[in-house]
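Before any comments, here is the structure.
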Amino acid sequence: MSETAMRVRAQIDLAALRANVRALRARAPRSQLMAVVKANGYGHGAIRCARAARQAGAGWVGTALPQEALALRAAGDRGRLMCWLWTPGGPWREAVEADIDCSVSGLWALEEVSAAARAAGRTARIQLKIDTGLGRNGCAPGDWERLIAAARAAEDAGTVRVTGIWSHFACADEPGHPSIQAQLAVFRDAVSYAERQGIRPEVRHIANSPATLTLPESHFDLVRTGIAMYGISPDPVLGSPADLGLRPVMTLSATLASVKRVPGGHGVSYGHRYVTPGETTLALVPVGYADGIPRSGSGAGPVLIGGKWRTVAGRVAMDQFVVDLGGDSAEPGDEAVLFGPGDRGEPTAEDWARATGTIAYEVVTRISDRVPRVYVGEDEHLDDEHQYTDTGGRR
Ligand SMILES: *Cc1c(COP(=O)(O)O)cnc(C)c1O
């Protein structure tokens, strides 16, 4: 299928992703970088993005779910790999056997991972997570002493090795927010307590993208970057991607399915929330909320067609929406760009976020499996043989 014949496509610029990883490494020159590729690489494709990030020097890859980490191993990723969102039942044994660093936030998880390690006849690599104030996952500071004691005992029994101590920020995208220094203080205390008890972590880490970009004292041994690696600013207050030295990786575009003249007073799409103000040309963009276009983009989302910004006319439906071209003409087969880097005049993911009352993280992550990803800028010659075996990563 030729690219122009595609109904819709998300073009993923892996050269831009590699450049973003290098730019982020330069922001944290004394730390390693973990490329966060949870949720299918924020919609960009986890396997291809992890591989490109490794090529650009990411020593670590991170996912939320163990299943996401196992899928990377199945695709040939052999570098350091961590996942953090566990529920009772695992899959601990598979993760231990796949040499994945498993986050542990409580005693139940330590017990389950230790049992899996015993069953596998291996030592599990675990990273202890302290809740320094996010109030989400992680061990409450009041339970830290017990968790550390249990982890030390498990290390002595040979079932686990604590490779990291880590945490996550609540408000790193609001520079100067008082919780940031408060979380750092709790984190330093938790690390020094663990070290006094004989824990010897390889890596201590708390920084996400906004902290990587704004707060060098948070970098420690490792920074975990997600959104910035995909070329998106964590928050407009931190500046545009270009201000931050980043380039958006995803361009979402569609092919017009229909163009027609209609009279004034013509209702458009379900509920007739848009009525043509006069005789005009309507273009049909064949993507909808099943493709991940927010329905809240009804009457609001921006689209570049024929060199001009237009706005979604009426409701976004499951598979399609309409744009009023006013006095302009277009042809079926013409391109409609929903968002991209912005340098061809197209809207950005941030523009869609503003128009739909969400954040750019959600705009890219919700693009569904119905949208083919088209990869450009790949360079297989950059593979590091120690970190990658091509057993299917390209399939
Ligand atoms: C998603 C996530 C990150 C990456 O956050 P960004 O703001 O996208 O850089 C880092 N750490 C954890 C625990 C996460 O869940």
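Indexing begins at 1, ligand by ligand and atom by atom, following the structure's order. Just so it is clear, the structure is predicted and the values come from calculations on it, not from any experiment.
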Geometric N/O contact Ala228 with ligand 1, under 3.5 angstrom: no
Minimum-distance protein heavy atom relative to atom 5 (O) of ligand 1: Tyr42 OH, 3.5 Å
Within 6.0 angstrom of Arg310 CZ, more than 12 heavy atoms from elsewhere: yes
Asp369 atom CG, neighbour heavy-atom count above 12 within 6.0 Å: no
Within 6.0 Å of CZ in Arg146, more than 12 heavy atoms from elsewhere: no
Atom 15 (O) of ligand 1: nearest protein contact (heavy atom, Å): Lys38 NZ, 2.6 Å
Gly62 touching ligand 1 at heavy-atom level, < 4.0 angstrom: no
Within 6.0 Å of CZ in Arg188, more than 12 heavy atoms from elsewhere: yes
Within-cut-off N or O pair, Ile227 and ligand 1, under 3.5 Å: yes
For atom 12 (C) of ligand 1, the protein heavy atom that lies nearest, with its residue and separation: His168 CE1, 3.4 Å
Heavy-atom nearest neighbour in the protein, as seen from atom 9 (O) of ligand 1, with distance rounded to 0.1 Å: Ser209 OG, 2.5 Å
Minimum-distance protein heavy atom relative to atom 11 (N) of ligand 1: Arg224 NE, 2.9 Å
Nearest non-hydrogen protein atom, atom 7 (O) of ligand 1: Tyr361 OH, 2.7 Å
Worked check of side chain to side chain contact (heavy atoms under 4.5 Å, CB included) between Val61 and Leu72: CA-CA 9 Å; Val61 168; Leu72 289 166; 3.7 Å; yes
Ile293 backbone acceptor or donor facing Asp291 side chain under 3.5 Å: no
